[in-house]
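Working notes, structure below.
Counting starts at 1 for both ligands and their atoms, in listed order. Just so you know, residue 1 is the first one in the sequence shown, and it goes up from there. As the structure is a prediction and not an experimental result, all values here were calculated from the model.
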Amino acid sequence: MDFALSEDHKAIQQVAHEFTEKKIIPRAAEFDETGKIDFNLAREMGAAGFLGAIVPEEYGGTGLDMLAYAIIMEELGRGCASHTTVVGGSNSLFGYPVLCFGTEEQKKFYLPPVCSGEKFAAFSLTEAGAGSDAAGLETTAALDGNDYVLNGSKIFVTNGSFADFIIIMAKTDKKAGARGITAFLVHKDMPGLVIGHIEEKMGFHASPTTQLILEDLRVPKGNILGKLGGGFRVAMESLNSGRISVAASAIGIGARALEVALKYSKERKQFDQPISSFQLIQSHLANMYSRLESARWLVYNAAWRKDQGLDYATEAAMAKVVASEMATYVTHRAIQVLGGYGYLREYEVERLYREARLTELFEGTSEIQRLVVARGLIKHG
Ligand SMILES: Cc1cc2nc3c(=O)[nH]c(=O)nc-3n(C[C@H](O)[C@H](O)[C@H](O)COP(=O)(O)OP(=O)(O)OC[C@H]3O[C@@H](n4cnc5c(N)ncnc54)[C@H](O)[C@@H]3O)c2cc1C
């Protein structure tokens, strides 16, 4: 058993690390304050190969494996969580489902501009009455000639206000439950798509979370992604793999908080000694580091299993629940290590704490991840 990253993975880690250090960390507080994605930076992430990390080169991507993508998300997560959603949106929630379920024509049309950052993507499953119980969605899609006409209201669409392409789930057969859901490739300029309210959030300020209103939105039949009635499968496949990338970004958030806390503990003096010499502070640091490392290996394991073609849904859910709860714990403890300064905007860990919290909620809450883990355990254990 070899726990070392390959030379290729180390090289990718180095590239993503330097990118984050130079271009993101110095501006992370600004992104949080202004609440705006920097589209030039997003395009630079495209040029660096991050936006199309797991998309094959023939469709404009970088053709990396899942482990490499997780490493990129981890490094970017050290910088600005909002900008990781652009990378997660283009890879996990758009590129991956288009690759798995799209026709050749759809792959050639949608993937190259999304990988380069010329176009941005989003994924819309959730509705006011259908969160964890996603199959309960009520948006309808009715066939009319060569088009489907979509009506309904979607919420919590990450980057929905600027995405050029959005995968929207709607019911083509109201009586068929999950089997009546179909995935549609919607363009932002299609008449009938209205961008509604943008939510005020605790963190991830630069990533707009929007409501979408579909008012007789006409989508050509050819824009169905996958099979008619196959939308729930599209959603579940996307979320299974997406959980690895959310978990990886949570590792980045935790890693950055530990770095800040460790440095501070060596510099800050009280009672004539650096606070790192106090065993109660060492206990915080030891717990933070141990939890971070254990979560990191769960994330790498889930990504590795996917790359080997093994079942990974249980491991991805396990990685997400452990990594996201680790990130909340580590950022919370980091504030404690910094004392009163940790509570100030100026000291980064306050922002990281707010960002960590979302990783326990989106792409399936921790409770839902535990249900998936328990299901896997009971079936295979
Ligand atoms: C900032 C943000 C961005 C998001 N981005 C997107 C996006 O891009 N696209 C998209 O489609 N969605 C997105 N979401 C939606 C997100 O995936 C949902 O919020 C999440 O799935 C939970 O749904 P809910 O909020 O309706 O909570 P609910 O499902 O109402 O859950 C409330 C509580 O009940 C628990 N619960 C629910 N069912 C069970 C059960 N069976 N057993 C035990 N406990 C249960 C939950 O875990 C939670 O603690 C986003 C959400 C946020 C906050």
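- Salt-bridge formation is detected for the pair E259/R78: a Lys NZ or Arg NE/NH1/NH2 atom is positioned less than 4.0 Å from an Asp or Glu carboxylate oxygen.
- When hydrogens are left out, the protein atom nearest atom 27 (O) of ligand 1 is S132 OG, 4.2 Å; that is the closest non-hydrogen contact.
- Between R27 and E30, at least one side-chain N (NZ, or NE/NH1/NH2) sits under 4.0 Å from a carboxylate O, which counts as a salt bridge.
- Remark: minimum distance from atom 9 (N) of ligand 1 to any protein heavy atom is reached at F123 O, 2.8 Å.
- Distances below 4.0 Å separate heavy atoms of E363 from the following atoms of ligand 1: 17 (O).
- The side chain of T365, and not its backbone, has at least one atom closer than 4.0 Å to an atom of ligand 1 (non-hydrogen atoms only; side chain from C-beta on).
- Here E33 pairs with R345 in a salt bridge; the nearest charged N to carboxylate O distance falls below 4.0 Å.
- For the pair R218 and Y148, the cation-pi criterion (under 6.0 Å, within 45° of the ring axis) is not fulfilled.
- Near T158, the atoms of ligand 1 lying under 4.0 angstrom from a non-hydrogen atom of the residue are 3 (C), 4 (C), 5 (N), 6 (C), 7 (C), 8 (O).
- The protein non-hydrogen atom at the shortest distance from atom 6 (C) of ligand 1 is F156 O, 2.6 Å.
- We find that R351 and D32 are not joined by a salt bridge, their nearest charged nitrogen and carboxylate oxygen being 4.0 Å or further apart.
- The heavy atom nearest to atom 40 (C) of ligand 1, out of those in T126, L371, I155, L137, is found in L371.
- Less than 4.0 angstrom separates some heavy atom of G131 from each of these atoms of ligand 1: 23 (O), 24 (P), 26 (O), 29 (O).
- Residue contacts with ligand 1, taken as heavy atom pairs separated by less than 4.0 Å, involve K201 solely via side-chain atoms from C-beta onward.
- Close approach to L358 involves these atoms of ligand 1, each under 4.0 Å from a residue heavy atom: 1 (C), 2 (C), 52 (C), 53 (C).
- The six-membered or imidazole ring of F3 lies near that of W297, with a centre-to-centre distance under 6.0 Å.
- An N or O contact shorter than 3.5 Å links E367 to ligand 1 by distance.
- Only side-chain heavy atoms of T209 come within less than 4.0 Å of ligand 1; its backbone N, CA, C and O stay farther off.
- Under 4.0 Å is where a charged nitrogen must lie from a carboxylate oxygen, and between E363 and R243 no such pair does.
- Using modelled atom types and a 3.5 Å distance limit, the side chains of N151 and T140 yield no donor-acceptor pair.
- Under 4.0 Å from ligand 1, not a single heavy atom of N159 appears.
- By the definition of a contact as any protein heavy atom under 4.0 Å away, atom 32 (C) of ligand 1 is not in contact.
- Within the structure, ligand 1 lacks F204 among the residues with a heavy atom less than 4.0 angstrom away.
- Here the straight-line distance linking atom CG of L352 with atom CZ of R357 works out to 15.0 Å at 0.5 Å rounding.
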Margin query: Pair E367, R370 - check salt bridge (Lys or Arg N to Asp or Glu O under 4.0 Å), show working.
Written below: CA-CA 5 Å; E367 288 77 11; R370 285 186 166 87; 5.8 Å; no

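- Atom 35 (C) of ligand 1 lies below 4.0 Å from none of the non-hydrogen atoms of the protein.
- The atoms of ligand 1 that sit less than 4.0 Å from any heavy atom of L125 are 10 (C), 11 (O).
- Taking the charged nitrogens against the carboxylate oxygens, K306 and D65 have no contact shorter than 4.0 Å, which rules out a salt bridge.
- Between I368 and ligand 1, no pair of N/O atoms sits closer than 3.5 Å.
- The six-membered or imidazole ring of H205 lies away from that of F31, with a centre-to-centre distance of 6.0 Å or more.
- For ligand 1 and L361, the ligand atoms under 4.0 Å from any heavy atom of the residue are 20 (C).
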